[in-house]
Amino acid sequence: MNEYRNRWIEDVARALRLEAEERGIEPPEAEIVPATPPKTELGDLAFPMFPFAKTFGMSPALIAEAVVSRLGRSDAGEAHAAGPYVNVRYPRAQVASSVLSACICSDRAYGRNERLAGERVMIEYSSPNTNKPLHLGHLRNDALGESVSRILAACGAQVRSVNLINDRGIHICKSMLAYQEFADGDTPERRGVKGDAFVGDYYVRYEQWAREDPGVEERAREMLRKWEAADEEVVALWRTMNDWVLEGHAATYEATGIRFDALYFESETYTSGKAEVLRGIEEGVFTRQADGSVWVDLSPINLDRKILLRGDGTSVYVTQDIGTVIARYRDWPFDRMIYVVASEQNYHFRVLFHVLGLLGYEWAGQLHHLSYGMVNLPDGRMKSREGTVVDADDLIAELRELAVTEIRAKDREEAVGDVAATAHAVAIGALHYYLLQVTPAKDMIFNPKESLSFTGNTGPYLQYMCARINSMLRKADEQGVAPQESAVQTDRLDTEVEWELVRLIARYPQVVEQAGADYSPAAIAGFLYDLAKTFSGYYHDHPILTAPEPSLRDARLGLARAILVVLRNGLELLNIPYLAIM
RNA sequence: GCGCCCGUAGCUCAGCUGGAUAGAGCGUCGGACUUCGAAUCCGCAGGUCGCAGGUUCGAAUCCUGCCGGGCGUACCA
């Protein structure tokens with residue numbers, strides 16, 4: 001459909017030029033940018049004539065008429081004047097047939113593009129602490145990271161997803177200390193709970209404990225010192241508890257379809273970066289203060305100054321990130337690196353990227369912080385102290401139970417077969433759609449009640465449309481009426497809504513490309529909902545399997561099949577499970 | 001104070017990078033299952049697009065200033 005568009009832009013430009021010539025006027029300079037008319041009846045492309053009114057000394061409507069009389073019609077469609085607009089209508093049957101066949105033939109590859117072909121993109125997301133289970137904030141992070149990874153891969157990039165696990169530090173020692181003090185050798189297995197939840201309980205326990213006895217704070221610091229000194233007992237405990245947590249996190253990733261190509265552990269990299277900072281002093285880009293601490297001047301980027309090494313020579317957060325990104329670049333030289341990290345850390349990444357530039361890494365300009373907003377509850381921020389943090393596993397379990405209830409209520413147990421698996425897929429679909437429909441940069445409110453809903457603008461709605469189309473195609477097969485692709489007579493698709501659906505299918509590849517350029521799964525979510533909603537209205541009013549004539553039935557089945565292709569591919573990019581039956 | 005982000009229907013969110021009457025979902029109310037699966041569809045109601053200027057033929061969209069909110073601005077990560 002792009003060819004048509006480009007051709008019409010040229011044609012309209014030429015017509016305007018000729019018109020100007022004939023009137024002895026300077027050809028108009030304004031760029032010709034087509035828009036989309038608000039309704040399909042008006043056409044498929046709209047050229048507003050307002051910008052040319054001044055140079056022509058004519059009303060936009062008159063210009064539109066003059067332009068149209070020069071354009072006439074061609075095999076690329078026909079133009080007509082609609083007030084101040086030149087509207088173009090494509091040859092529908094022709095376009096429909098090329099769109100549908102491209103979609104159905106490409107099948108799982110439909111929507112892919114080569115925009116980022118050959119580009120190596122590393123993307124970091126999740127990055128949990130190993131002292132507690134994943135919570136709702138991680139779920140947004142994971143959903144975004146996973147989806148953006150898939151979108152970039154669909155744009156042709158070679159993507160490597162990594163998870164930097166924060167497995168060391170004072171917060172880790174806190175849960176360890178509480179465990180030592182209170183657990184009496186208990187284990188997750190013995191208690192029959194997930195390892196991350198088990199350890200998380202001790203973290204909470206520590207917080208209570210520290211409130212009653214301020215002295216424990218010092219004991220935690222002491223433990224950290226021992227850990228850094230590789231004290232055997234402390235390291236052994238650390239290893240055991242970390243493994244518990246990692247196992248628990250892995251189970252949650254598994255349940256949510258989150259994958260990584262590599263795991264990085266902060267415990268292995270936290271001392272790196274220091275050498276880089278020291279090199280920076282030699283090169284004069286950092287300065288050392290009398291107490292031995294090292295600073296970077298950030299006034300070039302309108303910030304203050306920032307410490308890079310403490311007086312005692314130990315690293316801070318930025319220093320570590322300097323080290324890890326350099327190490328990663330060595331492991332796997334990338335053309336671009338994306339950090340999926342909450343907006344709280346905007347400042348941190350501005351500093352990090354600037355510092356890497358100062359250190360002379362030319363790829364510093366290829367680092368991006370995909371900043372996303374906070375997830376709040378209807379009555380405010382999640383607070384671990386007040387116990388309002390929404391646990392990831394609990395939420396998923398709740399969604400799953402609700403889905404089971406739905407399946408039973410609709411009496412679909414038999415049709416569905418594996419109720420548990422289907423319910424889980426619905427739960428994940430609801431969750432991911434809910435988290436991804438919002439523009440990443442915006443804070444969002446997580447309304448538990450709303451998130452538990454499966455009706456309306458939701459993931460299950462999209463899954464349901466897939467299931468319905470599937471069901472139709474299955475029946476067509478059973479009745480032996482499944483059409484050959486080549487046999488589809490697209491001129492039978494002559495209603496406005498059918499044309500609208502064809503246009504949506506044709507637009508999908510561009511949506512993927514745009515979503516890749518903007519790192520915005522929300523763009524895909526919005527598009528899929530549009531498509532599903534339009535189709536839903538359509539098949540309600542237009543019988544498909546039971547269409548009055550075979551050629552009409554076949555054409556509609558072809559359309560439905562193409563829509564299924566798009567929905568399925570799109571859902572995959574959002575990490576929403578596809579269901580043939582639900 | 002300074003920096004970044006955000007203000008669109010009662011609530012949660014869209015709005016194709018400046019174009020035709022600002023759209024969905026939820027919620028309220030009212031309709032549609034002997035008809036391809038009602039996790040569906042259709043209709044009603046609901047808006048000074050935070051406010052004020054500016055740019056433009058044309059602004060929810062771009063610029064400036066206010067007002068309101070969030071997050072930062074640590075020798076925490």
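A, B, ... follow the sequence lines: proteins, then strands. Residue 1 opens every chain.
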Which nucleotide in [options] has an atom nearest any side-chain atom of [X]:
| X | options | answer |
| --- | --- | --- |
| A:Thr439 | B:U17, B:A39, B:G15 | B:G15 |
| A:Gln514 | B:U17, B:C13, B:U40 | B:U17 |
| A:Pro38 | B:C75, B:A20, B:U12 | B:A20 |
| A:Arg350 | B:A20, B:G3, B:C71 | B:G3 |

Which value, in whole Å, describes the distance between the [atom1] atoms of nucleotides [N] and [M]?
| N | M | atom1 | value |
| --- | --- | --- | --- |
| B:C62 | B:G18 | P | 8 Å |
| B:C5 | B:C44 | C1' | 38 Å |
| B:A22 | B:A38 | P | 34 Å |
| B:G53 | B:A14 | C1' | 28 Å |
| B:U40 | B:G47 | C1' | 29 Å |
| B:G50 | B:G7 | C1' | 6 Å |
| B:G23 | B:A74 | C1' | 45 Å |
| B:C63 | B:C4 | P | 12 Å |

Bracket notation of RNA chain B in which parentheses pair within the strand, [ ] cross earlier pairs, and | pairs with another strand (Watson-Crick or G-U, under 3.5 Å): (((((((..((((.....[...))))..((((.......))))......(((((..]....))))))))))))....
Provide, to the nearest angstrom, the distance between the [atom1] atom belonging to [X] and the [atom2] atom belonging to [N].
| X | N | atom1 | atom2 | value |
| --- | --- | --- | --- | --- |
| A:Asn457 | B:C26 | CG | P | 9 Å |
| A:Leu42 | B:G19 | CG | P | 16 Å |
| A:Asp411 | B:A39 | CG | P | 12 Å |
| A:Leu308 | B:A77 | CG | P | 13 Å |
| A:Leu352 | B:A77 | CG | P | 14 Å |

Aromatic centroids of A:His348 and A:Tyr317 separated by under 6.0 Å: yes
Ring-ring centroid check A:Trp238 A:Phe265, cutoff 6.0 Å: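 That pair fails the under 6.0 Å test.
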A:Arg140 charged N/C atom sitting above A:Tyr372 aromatic ring, 6.0 Å / 45°: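 Relative to the ring axis of A:Tyr372, which defines the angle, A:Arg140 lies outside at least one limit.
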Test item: A:Glu450 and A:Tyr434 side chains (from C-beta on) under 4.5 Å apart, heavy atoms: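 Result yes, sub-4.5 Å side-chain heavy-atom pair found.
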Phosphate contact (B:U40 OP1 or OP2) by A:Lys410 side-chain N/O below 4.0 Å: no
A:Gln320 and A:Thr324: CA distance, side-chain angles, deciding distance, side-chain contact (heavy atoms from CB on, under 4.5 Å) verdict: CA-CA 6 Å; A:Gln320 292 173 37; A:Thr324 49; 5.5 Å; no
Crowding at CD, A:Glu218 (>12 non-hydrogen neighbours, <6.0 Å): yes
Sugar-phosphate, base or nothing in reach of A:Gln345, heavy atoms under 4.0 Å: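 Contact class for A:Gln345: base.
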Residue list, ring-ring contact (aromatic ring centres under 6.0 Å, His included) with A:Phe47, at least two apart or on another chain: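 Not a single residue meets the ring-ring contact (aromatic ring centres under 6.0 Å, His included) criterion with A:Phe47.
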Geometric class of the A:His135/A:His138 ring pair [parallel <30°, tilted 30-60°, perpendicular >60°]: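 Correct class here is tilted.
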Near-strand residues of residues 458-475 of chain A, defined as heavy-atom separation under 4.0 angstrom from RNA chain B: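 Contacts with RNA chain B under 4.0 Å: A:Tyr461, A:Tyr464, A:Ala467, A:Arg468, A:Ser471, A:Met472, A:Lys475.
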